[in-house]
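Each remark here refers to the structure printed beneath this line.
Numbers restart at 1 for each chain; the letters A, B, ... are given by sequence-line order, proteins then strands.
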2 protein chains.
Amino acid sequence: MQNEADYLRDYRAGDFPAVLVTVDSVLFTLIDEKLCVLMVQRANHPQLGYWGLPGGFIDQRTDASTQDTALRKLVEKCGVKPAWLEQLATFSGRDRDPRGWSLTTAYFALIGWQTCQPHIRDVSDARWIPVEELAHIDPIAFDHREIIAVARERLEQKTLYSMVPVYCLGEEFTLTELQGVIEAILQKPIQRKSLVRRFESSEMFEETGKMAVTGARQAKVYRRKAGVDGLNFSRNLGG
Amino acid sequence: MQNEADYLRDYRAGDFPAVLVTVDSVLFTLIDEKLCVLMVQRANHPQLGYWGLPGGFIDQRTDASTQDTALRKLVEKCGVKPAWLEQLATFSGRDRDPRGWSLTTAYFALIGWQTCQPHIRDVSDARWIPVEELAHIDPIAFDHREIIAVARERLEQKTLYSMVPVYCLGEEFTLTELQGVIEAILQKPIQRKSLVRRFESSEMFEETGKMAVTGARQAKVYRRKAGVDGLNFSRNLGG
DNA sequence: TAAATAGTGTCTTTAAGACATTATTCC
DNA sequence: GGAATAATGTCTTAAAGACACTATTTA
């Protein structure tokens, strides 16, 4: 019987028909009170010219995992790393890509648009699209419309029991801005008092000492404490 | 400039180094008050003889998605479909499989062991292993120990806000049995009253009319209503 | 001082936790 | 009747909802 070393020496990838593997990201931000997603106009076949999610193939030399692929592709388009990145789900099937049986591991990401605006202005093929306008964009590449829908669903759920929406904002923000993102995501008003209670009990934030001028009473400016990542509440907001 | 039809005609998979793609499942059940996971002794290289998760390669002719692959492989080992199946996450990297850069989409599944016991008895390479014994099983194939840990984490979380643990039981069960699974998963006692409140308000279950004899007062026997799937509570159990 | 926005106080509501009590069955 | 298990009643607690109120800034 063959031993493992012999097996590996004789092993040739490609004996089985390969699955086409990609990695795509759904990157959200908030612009003008509107939840937006970063879309890229495809520069190659197939579906050249279609709007789709930023992503692409794994580079086996540089990527230690699909998360690295996602980050690499996002940095290409935005110039900076997203403030939040987590795996969403893997979408697969025979018909989702015309080249054959394929699979994409999708990531879910958040960033403050201010952070990457300079870079996106230069990359003419990338654009922030308000999620409400997606319905009017047709076609959309592959199954990316469905992937975005799943990502939105996940974002909504996480908004109910965590502070993730804060990663749609810049480094510094006011409570009213945070409330704005949350309400844009949930598409309904929330109780500011409930938000304040969570904001404080999370201990994820600290005052910068600065005040934001809004035309009336000035608002305290906060930032995320270094090294804090996430905190889940044991109860949902907006019952 | 080439059009899409030309591009697809000329397209050859294999121009890029392929990623090795597999699908694996973490199937849980409850046996003797203990949470167990289905493990299979590997019959092929690499890592022949190691215990690992049931899974394998996608069959592009028969599988419409990785979920089909997961189901196909589980049915091979258990003879029946799991009562619950959902995608867990995709694990990837250069070193997780000695054959090269690889990726596995892992599924998370639940079943009552009674349902598949006859088949598992025949498949000599499959075994239910109590999760507490996993620490003593070394080696475990690939990164499957880590995948199981992530699945357990997910099961624990879902137990706090849903009725999923019920899918670890057979078709018919008592409240005390359900409480048992939950306590085995959370590794701590819960308030039966809280469980009863959730059980009723979920409207996921119905009485069978039967009673279970336990040696003292008999317990009502319930079953899941047809077509009910899941329900998430807006608040966690076991503060 | 009025309007606008920021932030607080406090009562109500909801659903879980704690645990005592009642019910049923077998011996 | 007593032990064991099943099921219910009810008071307490934690955290969100509702909303009135105070505070600060600019016009």
Side-chain angles (χ1 to χ4, degrees), chain A residues 33 156-163 165-166 169 172-183 185-222 231-239, chain B residues 33 156-163 165 169 172-183 186-222 231-239:
Chain A
E33 324 261 277
E156 253 182 71
Q157 282 308 309
K158 293 196 81 114
T159 299
L160 295 177
Y161 63 79
S162 79
M163 284 289 178
V166 82
L169 300 171
E172 303 192 337
F173 55 89
T174 66
L175 254 168
T176 301
E177 285 167 346
L178 178 54
Q179 184 174 353
V181 204
I182 293 173
E183 295 182 338
I185 293 167
L186 300 180
Q187 296 178 274
K188 69 176 178 189
I190 60 158
Q191 292 285 332
R192 184 191 187 88
K193 183 73 196 200
S194 300
L195 174 61
V196 169
R197 280 190 286 236
R198 286 187 163 203
F199 191 82
E200 284 169 358
S201 75
S202 75
E203 297 187 307
M204 282 176 63
F205 311 102
E206 60 191 10
E207 299 184 15
T208 59
K210 301 181 200 165
M211 300 295 282
V213 178
T214 63
R217 177 172 174 175
Q218 300 177 350
K220 284 185 182 170
V221 174
Y222 297 88
L231 170 76
N232 293 344
F233 298 94
S234 67
R235 209 166 145 176
N236 280 355
L237 208 60
Chain B
E33 326 261 274
E156 253 182 71
Q157 282 308 310
K158 294 197 82 115
T159 298
L160 295 177
Y161 63 78
S162 79
M163 284 288 177
L169 299 171
E172 304 192 335
F173 54 90
T174 65
L175 255 168
T176 301
E177 285 168 345
L178 178 54
Q179 185 175 350
V181 202
I182 295 175
E183 295 182 340
L186 299 180
Q187 297 178 274
K188 68 176 178 190
I190 60 158
Q191 292 286 332
R192 184 190 184 91
K193 182 74 195 197
S194 300
L195 173 61
V196 170
R197 281 189 287 236
R198 286 187 163 202
F199 191 82
E200 283 168 0
S201 75
S202 74
E203 298 186 308
M204 284 176 63
F205 310 101
E206 61 192 9
E207 299 184 15
T208 58
K210 301 182 202 165
M211 299 297 281
V213 178
T214 63
R217 177 171 176 175
Q218 298 177 350
K220 284 187 183 172
V221 175
Y222 297 89
L231 169 78
N232 292 345
F233 299 93
S234 68
R235 213 165 141 175
N236 279 355
L237 207 62

* To do: Just compare dA16(D), dG7(C), dA6(D) and give me whichever is closest to any side-chain atom of Lys220(A).
  => dG7(C)
* Side-chain N or O of Gln191(A) closer than 4.0 Å to phosphate OP1/OP2 of dA18(D) -> yes
* To do: Answer with base, sugar-phosphate or nothing: what part of the nucleic acid does Thr174(B) contact at a heavy-atom distance below 4.0 Å?
  => nothing
* To do: Find the distance Tyr161(B):OH to dA15(D):C1' and express it as a whole number of Å.
  => 20 Å
* Asked: Would you say the side chain of Lys193(B) and the base of dG9(D) hold a donor-acceptor pair, judged only by whether the two atoms sit under 3.5 Å apart?
  -> yes
* When the distance from NZ of Lys210(A) to C1' of dT25(D) is rounded to whole Å, what number comes out? -> 20 Å
* **Partner set under side-chain contact (heavy atoms from CB on, under 4.5 Å) for Ser162(A), not counting sequence neighbours** => Lys158(A), Val164(A), Asn232(A)
* Inter- and intrachain pairs under side-chain hydrogen bond (donor to acceptor under 3.5 Å, both in side chains), touching residues 195-204 of chain B, at least two apart -> none
* To do: Check each residue of residues 196-205 of chain B for a non-hydrogen atom within less than 4.0 Å of any atom in DNA chain C, then write out the ones that pass by number, or none.
  => Arg197(B), Arg198(B)
* Is a donor-acceptor contact shorter than 3.5 angstrom present between the side chain of Arg235(B) and the base of dA15(C)? -> yes
* Residues in side-chain contact (heavy atoms from CB on, under 4.5 Å) contact with Glu183(A), at least two apart in sequence or another chain -> Gln179(A), Pro189(A), Ile190(A)
* Structure fact -> Contacts of Leu160(A) meeting side-chain contact (heavy atoms from CB on, under 4.5 Å) (sequence neighbours excluded), chain-then-number -> Gln157(A), Leu186(A), Asn236(A)
* Structure fact -> Taken in chain and number order and not counting sequence neighbours, the residues that satisfy ring pair (Phe, Tyr, Trp, His ring centres under 6.0 Å) with Tyr161(B) are none
* Asked: Can you give one letter per nucleotide of nucleotides 20-27 of chain C, 5' to 3': B if a protein heavy atom sits under 4.0 Å from the base, S if only from the sugar-phosphate, - if neither?
  -> ---BBBS-
* Give a yes or no on this: more than 12 heavy atoms of other residues, nucleotides or ligands lie within 6.0 Å of atom CD of Glu206(B). => yes
* State whether Ser194(A) places a side-chain N or O below 4.0 Å from either non-bridging phosphate oxygen (OP1 or OP2) of dG17(D). => yes
* Would you indicate, yes or no, if dA6(C) has its OP1 or OP2 atom less than 4.0 angstrom from a side-chain nitrogen or oxygen of Thr176(A)? => yes
* Nearest-Å distance for atom pair CG/C1', residues Leu237(B) and dA18(C) -> 14 Å
* **Spacing of Ile182(A) atom CD1 relative to dG17(D) atom C1', expressed in whole Å** => 15 Å
* Listed partners of Glu172(A) passing side-chain contact (heavy atoms from CB on, under 4.5 Å), at least two apart -> Thr208(A), Lys210(A), Val221(A), Arg223(A)
* Mind checking side chain to side chain donor-acceptor pair (under 3.5 Å) for Thr176(A) and listing every partner two or more places apart, or none if nothing turns up? => Arg192(A)
* Between atom CZ in Arg192(A) and atom P in dT5(C), what is the gap in whole Å? -> 12 Å
* Nucleotide dA14(D), atom C1' - distance to CG of Asn236(A) in whole Å -> 15 Å
* Once the angle between the rings of Phe205(A) and Phe199(A) is folded into 0 to 90°, is it parallel (under 30°), tilted (30 to 60°) or perpendicular (over 60°)? -> parallel
* **Whole-Å distance separating the CD1 atom of Ile190(A) from the P atom of dG17(D)** => 8 Å
